[in-house]
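Ligands are counted one by one from 1 in listed order, and the atoms in each one are counted from 1 as well. Bear in mind the structure is a predicted one, so any value in this text is a computation, not a measurement.
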Amino acid sequence: MRRKLAAGNWKMNGTGASLAELADLGERHADPAVDILICPPATLLSRAAEAVQGGAIAIGAQDCHAEAAGAHTGDLSAAMLKDAGASAVILGHSERRADHSESDAQVRAKAEAAFAEDLIAVICLGETLEQREAGETLKIVGDQLAASVPDSATAANTVIAYEPVWAIGTGKVPTLEQIGEVHNFLRTELVHRFGAEIADGIRLLYGGSVKPGNAGEIFAVANVDGALVGGASLKAADFSPIIETLENA
Ligand code: PEP
């Protein structure tokens with residue numbers, strides 16, 4: 001059985017004052033039935049890791065460089081993230097693919113760097129609205145999966161997040177049939193590539209405007225093993241009911 005995962009992506013939001021939300025979340029979920037991961041901005045990583053110490057919440061980063069060290073001003077290596085207290089890193093988020101022109105090959109190289117430091121890579125993929133309307137969704141996510149996920153992926157080191165670009169931060173959510181179609185497709189692709197034993201253990205998250213009000217129906221879809229949540233992960237009062245819904249799914 002795959003242990004479910006509720007992951008929060010704070011994006012470029014949060015200062016020291018936001019650590020109170022983390023403390024609140026930790027108190028609400030001292031012994032959760034699912035994994036909980038919060039990915040704050042890099043400036044908060046070490047303070048966030050301290051804030052959750054001894055509790056059940058894991059801390060992740062939102063990106064890493066593919067190289068271990070060197071002349072890359074402004075970038076952070078996987079080793080640095082681990083040193084700051086991260087146990088996971090989001091890679092290939094559509095905002096990074098768009099804002100920083102990140103390619104599948106770069107995402108794959110970053111995932112390999114994350115694995116080398118024993119960080120879990122949460123690898124994001126998803127189609128644009130144009131691609132969905134052109135009927136290209138499965139081709140796009142299949143190609144991203146093939147090119148972004150390293151051959152060395154395992155159930156322990158890799159989580160895949162399906163995030164339709166048009167659903168992120170927009171309040172728009174695909175139909176449950178559309179979510180189910182993509183998640184079933186991704187599971188099948190993983191089985192073909194890695195074999196059933198590895199593929200059956202890799203968690204597939206849905207991401208894109210998940211809120212307390214729609215989490216229940218999304219978590220009931222086959223092959224949805226949790227969510228990657230942006231806006232609704234910033235406040236414990238919003239994220240907590242999503243976690244509870246996942247625990248009861
Ligand atoms: C995200 O940033 O990965 C995301 C899914 O954002 P939101 O939940 O705000 O749509």
Given the options Glu102, Gln106, Lys110, Arg97, Ser148 meets side-chain contact (heavy atoms from CB on, under 4.5 Å) only with Arg97
Asp31 meets the salt bridge (charged side-chain N to carboxylate O under 4.0 Å, His left out) criterion, sequence neighbours left out, with none
Short N or O separations between ligand 1 and the protein, below 3.5 Å:
from	atom 1	to	atom 2	distance (Å)
ligand 1	2 (O)	Asn9	ND2	3.3
ligand 1	2 (O)	Lys11	NZ	2.7
ligand 1	2 (O)	His93	NE2	3.0
ligand 1	3 (O)	His93	NE2	2.9
ligand 1	3 (O)	Glu163	OE1	3.0
ligand 1	3 (O)	Glu163	OE2	2.6
ligand 1	6 (O)	Lys11	NZ	3.4
ligand 1	6 (O)	Gly230	N	3.4
ligand 1	8 (O)	Gly230	N	2.8
ligand 1	9 (O)	Gly231	N	2.9
ligand 1	10 (O)	Gly169	N	2.6
ligand 1	10 (O)	Ser209	N	2.8

Which of Val141, Leu228, Val149 passes side-chain contact (heavy atoms from CB on, under 4.5 Å) with Ile160? Answer is Val149
Residues 38-57, side-chain donor-acceptor partners within the protein, below 3.5 Å, at least two apart:
from	atom 1	to	atom 2	distance (Å)
Arg47	NH2	Thr43	O	3.4

Residue pairs passing the salt bridge (charged side-chain N to carboxylate O under 4.0 Å, His left out) test with at least one member in residues 228-249, sequence neighbours excluded, are Glu21-Lys235
side-chain contact (heavy atoms from CB on, under 4.5 Å) test vs Ser209 passes for just one of Thr170, Val229, Ile218, namely Thr170
